[in-house]
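When a ligand or atom number is given, it counts from 1 through the structure's own listing order. For reference, positions follow the sequence shown, starting with 1.
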Amino acid sequence: MTKRELFMANLDGEFTTRVPIWIMRQAGRYLPQYREFRRNISFEELCKTPKAVAEVTAQPVEILDLDAAIIFSDILFILEPLGIDLRFDPGPIISPFLEKPEQLSQMAEYEPESKLQFVADALLETRRRLGNDIPLLGFCGAPFTVFCYLTGIRGARDFHKTIRFLTNYPDESALVLERLAKLSIRYLRMQSGAGADAVQIFDTWAGELGEKEFAAWSFPYLKMIIEQLAEENIRASLYIKGAYHLLDYIRILPVNVVSLDWKTPLWRAAELLEPKTLQGNLDPHLLLGNRDVVVKRATDILHEMADYSGFIFNLGHGILPDTPVENVRALVETVHSFERTRS
Ligand code: CP3
């Protein structure tokens, strides 16, 4: 069975004896080869150069034997053609922020198939680089999470800016969110057409919302995107950081995979979300320390999910830049050497 067959079987909810593993932010600063590559090229330029994207996307698969590749890009490129200046240092810097509704009329209309074509080109180039036996994922940010950055979020302490805009200007906010949802559908369709085997939607910030606010500001737009993808048979995964209180909503979305952070117990998610495929959920902070802890906690997770059909090992959020590569190797080895048998 190739890595691609193993991954697709799990995406489709099948039981496999081996569990596939990939890692959010698997191409990144914790890898010396990535840091070396980045000495000569900025993050933005890298993302817009298909050959460079293919190289960096392939690195973690080839160096660490991971079971899937995720295209190297960022969720915020969707904002640039609206006329918003975007830089990374290393976190995103956006100007101008959306602060007043008058700014909306200045946001340009655009065709994602042409302005974001560099992502399609990168997927095609990466497929050539990886060959046909490695699964390749595309992605986008969820409308709510992209809106958070658009309205000035840089970290948790800026969340009030987003909420202030949403509560002061609910109608204008809804228009922007809907626009982002429509752009995202076309963007993901393009990625699927360029060879992405599945796409992951990152709603990193939605878990900060209470249930009512999630229902108003995030859920309708996730639903628009996910229902359309399902209609077109494009496989999709949804990641929300801190989603334990939102599982009843996630349950009704026709999404193939639910990617969970470490605060949601997998057994509980399994009870609520079966037969969806689950992905997760080792705490990335644990990878900073003792190797034995990594092996022990990864083994716990594998046992917890030993009978579940459709399971993909991942971290609960992106890998941290200070992570020792040896710990990642130990993690991959632990997952790869675990053989499941159906009880
Ligand atoms: O997972 C992967 O390996 C694919 C690449 C990927 C990146 N960003 C590369 C990146 C993906 C899937 C993303 C998504 C993304 N970008 C999200 C959602 C996922 C999440 O982590 O919550 C968000 C919120 C962003 C916005 C963003 N871009 C942030 C917060 C940062 C700073 C991160 C950091 O580590 O400092 C970025 C920049 C960014 N995007 C980097 C990378 C590798 C760091 C740039 C660098 O290497 O110098």
**Neighbouring residues of ligand 1, heavy-atom cut-off under 4.0 Å** =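 Those residues closer than 4.0 Å to ligand 1 by some heavy atom are M24, R25, Q26, A27, R29, Y34, R38, F43, I70, I71, F72, S73, D74, I75, F88, P90, G91, P92, F139, Y149, F202, T204, H317.
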**Asked** Centre of Y244's six-membered ring, under 6.0 Å away, within 45 degrees of the axis: is that where NZ or CZ of R268 sits?
**Response**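 Pair R268/Y244 does not count as cation-pi.
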**Message:** Please verify the inter-ring angle class for Y239 with H317; under 30° counts as parallel, over 60° as perpendicular, anything in between as tilted.
**Reply:**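 Parallel, since the angle between the ring planes stays under 30°.
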**Request:** Could you tell me how the ring of F219 sits relative to the ring of F214: parallel (under 30°), tilted (30 to 60°) or perpendicular (over 60°)?
**Result:**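 Geometry flag for F214 against F219: tilted rings.
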Using a 3.5 Å cut-off and no angle test, enumerate the donor-acceptor pairs between side-chain atoms of residues 75-92 and protein atoms at least two apart in sequence or in another chain.
residue	atom	partner	partner atom	Å
E80	OE1	K48	NZ	2.7
E80	OE2	K48	NZ	3.3

**Asked** Are F72 and Y34 close enough that their ring centers fall under 6.0 Å?
**Response**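 Yes, they do, as the ring centres are separated by less than 6.0 Å.
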**Item:** Donor-acceptor pair between R342 and S309 side chains, under 3.5 angstrom
**Value:**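 A donor-acceptor contact under 3.5 Å links the two side chains.
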